[in-house]
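Report on the following structure.
A, B, ... follow the sequence lines: proteins, then strands. Residue 1 opens every chain.
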Number of protein chains: 2
Amino acid sequence: MPKAVDHEARRRELAEAVWRVISTDGVHRASVRAVAAESGWSTGSLRHYFPTQDSLLAFAMELLADKARARLQAIDDQDNRTVLRRIAEALLPLTTEHRIEVEVWLALLARAQVDPGLQRAERDNREALLSVLSGVLWRATAHGELSESRNPDLEAVRYLAVIDGMTLACVFYAERISAEVALAAIDRHLDDLLGVPSTLPA
Amino acid sequence: MPKAVDHEARRRELAEAVWRVISTDGVHRASVRAVAAESGWSTGSLRHYFPTQDSLLAFAMELLADKARARLQAIDDQDNRTVLRRIAEALLPLTTEHRIEVEVWLALLARAQVDPGLQRAERDNREALLSVLSGVLWRATAHGELSESRNPDLEAVRYLAVIDGMTLACVFYAERISAEVALAAIDRHLDDLLGVPSTLPA
DNA sequence: GTGATATAAATACGCTTGTACTAATACAGT
DNA sequence: ACTGTATTAGTACAAGCGTATTTATATCAC
């Protein structure tokens, strides 16, 4: 029997090389050769784990979605406001490592627009995110934390929009929008939704 | 004297071909040859107006920024809430034509992340947008429409985030987020900022 | 008409790309 | 130690790329 290699581990290793190439040179430079060189393997070896470039990029994108999902699932149940805050913290690019992930995600997202093979990761992630947010906000309504006059589904869409918009700002406008500003905007938004926490009940 | 051609008009014509190629095939397919074929001109002709591919893409992006700026400047002075609404309408991809512009913009934005030549259009647009929003919100504070407890600059950042986030949702999640939902979220946000307009003053 | 010249088209060069194929390597079971 | 095979490396090929250069075209001043 030949050498035994952990297939999934190798695929992850190669996907991480994809991230590095995209982060520094852009998606359009993420050629099979460039990724192979970045990973330290030959193009022939890479092809054993990913028969085509598309499958390589698609896996790299799905792995990013998995990481985001894992961060979200690690949020333990607390009061609704804290959960909403933690979700924003899990999605916003507050650390350098996460910032790079978001940059790569956005680059792949733009490509997914014209590459059906990349669209699934985006759809699944989005779907999961919105249903989680809706769930929390419906629960908040049931607990009287969110006003009856508000539509929880619409508020979920709007809150996700704030997170996405602040994410864009952090990535493309970093010198103006710091992590502190991003979180301040999130907290201000939660104040509007759920009321200022430290004040007496109205 | 030779044939006289309107240089700027031809450059715009070629830039529009760039938009079409990016919209249907993606930035990575926006080669000089592909754009020339889409425009109906030869690559040699194209090169008379854009010596390099980078200059072609940069001009295509700047032209998009110009169109957005023109839409914003066409908003005539009205009450602050209406102005804020109109700004959102000018930026959100509510029509098919505008939707394509936003798709192309996002594709070029992703590339601008690793291509300094494309970054200026993004910066200028962003800067102008934020200062307009801040101006309106400071005015709203002066008129007592925005609560003194709110920071107009932070609210400008947050409102732009909502617009950007809804824009992303409209483009990448169109079957779930319609134009109506996007505008409903905007109106809800303006309600939070400025109060519900149809009610009696508190 | 004629000629000067901006524009258009065509061709060519060197490079990179995605993918395919072939030969060498190295390790698990006997 | 031997053998078979998963893995790796290396090479090859056709296609597409950005760009340069060279030739042909068409129009305006005279």
Problem set entry | Nearest-angstrom distance from the residue atom OH of Tyr49(A) to C1' of dA9(D) | 13 Å
For this session: May I ask you to decide if the ring planes of His7(A) and Tyr49(A) are parallel, tilted or perpendicular, using 30° and 60° as cut-offs?
Result: tilted
For this session: Answer yes or no: does a side-chain N or O of His28(A) lie under 4.0 Å from OP1 or OP2 of dT17(C)?
Result: no
For this session: Could you check which of dA8(C), dT21(D), dT19(C) has an atom nearest any side-chain atom of Arg47(B)?
Result: dT21(D)
Exercise. Would a distance-only check, ignoring hydrogens and angles, find a side-chain to backbone donor-acceptor pair under 3.5 Å from Arg99(B) to Cys170(B)?
Worked result: yes
Problem set entry | Nucleotide nearest Thr43(B) (side chain, heavy atoms from C-beta), chosen from dG18(C), dG18(D), dT11(C) | dT11(C)
For this session: Report yes or no: is there a donor-acceptor pair, N or O only, under 3.5 Å between the side chain of His48(B) and the base of dA8(C)?
Result: yes
For this session: Tell me what Ser42(A) touches on the nucleic acid: a base, only sugar-phosphate, or nothing, going by heavy atoms under 4.0 Å.
Result: base
Exercise. Can you check whether Ala112(B)'s main-chain N or O pairs, donor with acceptor, with Gln119(B)'s side chain at less than 3.5 Å?
Worked result: yes
Exercise. What is the distance from CG of Leu46(B) to C1' of dA9(C), rounded to the nearest Å?
Worked result: 13 Å
Problem set entry | Closest-nucleotide ordering on DNA chain C, the 5'-leading residue of Ala34(A) and Gly44(A) | Ala34(A)
Problem set entry | Leu57(A) CG to dG18(C) P, straight-line distance once rounded to whole Å | 9 Å
For this session: Starting from P on dA8(C), measure out to CZ on Arg11(B) and report it in whole angstrom.
Result: 14 Å
For this session: Can you tell me the distance, in whole Å, between the CG atom of Leu56(A) and the C1' atom of dG18(C)?
Result: 12 Å
For this session: Measure from the side-chain heavy atoms of Ser31(B) and tell me the nearest of dG18(D), dT19(C), dT17(C).
Result: dG18(D)
Problem set entry | Spacing between Gln53(A) atom CD and dT19(C) atom C1', to the nearest angstrom | 11 Å
Exercise. Is there a donor-acceptor pair under 3.5 Å between the side chain of Glu155(A) and the backbone N or O of Leu133(A)?
Worked result: no
Problem set entry | Distance in angstrom units between His7(B) NE2 and dA6(C) P, rounded | 10 Å
Problem set entry | Backbone N/O of Gly195(A) and side chain of Arg81(A): donor-acceptor pair under 3.5 Å | yes
Exercise. In whole angstrom, what separates Phe50(A)'s CZ from dG18(C)'s P?
Worked result: 15 Å
Seminar exercise, completed: Assert: residue with more 5' nearest nucleotide on DNA chain D, out of Arg33(A) and Ser45(A), is Ser45(A)
Problem set entry | Nearest-neighbour nucleotide for the Trp41(B) side chain, dT19(C), dA8(C), dT19(D) considered | dA8(C)
